[in-house]
Structures are given as C-alpha cells and as structure tokens.
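Notes for the one structure printed next.
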Amino acid sequence: MFIELIDLLRCTRPHEDSWLVAAFYEMRERHVLEGLLSCPVCNARYPIAQGVAWFDVTPGTASSAARARADDGVKAAAYLNLVEPGIVLLEGGWAGAADLLAGLGNTVIAFNSLDIAATTRVSRVRCDGIVPLARECLDGAALDAAEPAMVESGARALKSGARMVAPAEAALPAGLVELARDDSYWVAAREGGSASAPVQIARR
Ligand SMILES: [Zn+2]
C-alpha cells in the first residue's frame, strides 16, 4: 500500500467524510506492509496486511471470479483516455492492466484482485461492498463488478471529466455521461470536465 494513497482511503460506513488515522508497523521504502487504519468518526478498523488494505473482509479472503481478461489491459488504457499519468482504480480482471498502466506512469489501485503483484506503482485494496475512496480522487476507474453500490461509489471517486468502464448490465450512476457501449461494457465520463470526444469500443 503506497503511503500517499492512504490519504484517499475512506471508511465504508455511511457517515461524514473523514481521513482514516493510520498506524504503520512495517514499511518498505514508501509502502506500508503491515499497519492499521482507524476511522475517527465511528472507530471502525481496517488492517493493512501483506501490503493489502482490507476493508470489511478477513485478510486473505479472495474475491469472486473476475471477468475481464489480462489482455484487456490495452483496452482499459484506451477506454480511460489517460492523457496524463494519474491515479487509476482497476477492479477485478481489469487489474490485469496494472503493469501496463503503471508503466505509463500511473499510480494504480488494484482493487479486489489479489493475484496482482504489488510494485512501486501498484497498490492493492480489498473491499466487497463499495469503493472505499474519497470523492474526486481518481483519474480513471475500470470495474468488473456491476453492483449498484460498487459502481456508484466508484463514480463518486472520479474527478470531473474522468472516465469509468463498467459492465454493460450496470446502471449508469448519476453524474456520469455515457460515451459509448457494446455488449460487454459501457464507458462514461464524470460530468463537469472539459468535453471529450466519444470513444468507439468495437467496430460493428
Ligand atoms: Zn467510520
């Protein structure tokens, strides 16, 4: 868990926005290997173990099977239109794009995909219910999960103008404008950013 990302993590409980208080037990350079995050509002606690931040799941608990494939990495980069390096969330199978996007200078949060190795630019977070991140901190997000709470919390974490890729069956959250869709996914942008041209997902 990259230490600079810890400021972006948020409690999963529905209450006022707050940073989490962090205690670090073991560090490697600027990465937290073992630690504890505590919510100053409700006292919920979230461990960092083996470099992974665990929200409401027992450390070591794998997530359900991912759908996107590792070779979707190039697609993820194209869909998200990452013109300049930023902070990108890759959930489930999309995390197969982690190395590619990190190699382009992005800071990557590999979300609910423990198969991905942590590197200097890739941190791992695990949470089943929502995306436990602050509002407007992400430059892009690619989700395998279609659950409304997950997609809506991911959308809230996008900066204005930032893009999200999500499964076609997921409802488009408020505040996102659909740019394109095919049978598998839609691509949408958070309102408020500068206008960007639609992307074409697949040739018909
Ligand atoms: Zn809390």
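Read the numbers this way: they start at 1 and go in the same order the structure lists the ligands and their atoms.
Side-chain contact between Leu37 and Phe55: present, with at least one pair of heavy atoms (C-beta onward) separated by less than 4.5 Å. For the pair Asp56/Arg13, a side-chain contact is recorded, criterion being any heavy-atom separation below 4.5 Å from C-beta on.
With sequence neighbours excluded, the residues forming a side chain to side chain contact (heavy atoms under 4.5 Å, CB included) with Ala155 are Met164, Pro173, Leu176, listed by chain and number. Remark: Asn43 engages no residue in a side chain to side chain donor-acceptor pair (under 3.5 Å) (not counting sequence neighbours). Listed by chain and number, the residues in a side chain to side chain contact (heavy atoms under 4.5 Å, CB included) with Pro59 are Pro47, Ala49, Trp54 (sequence neighbours excluded).
When each of Met27, Met1, Glu26, Gln50 is paired with Leu33, the side chain to side chain contact (heavy atoms under 4.5 Å, CB included) condition holds for Glu26 and for no other.
The distance cut-off of 2.8 Å around the Zn ion (ligand 1) captures these protein N, O or S atoms, sorted by chain and number: Cys11 SG, His15 NE2, Cys39 SG, Cys42 SG.
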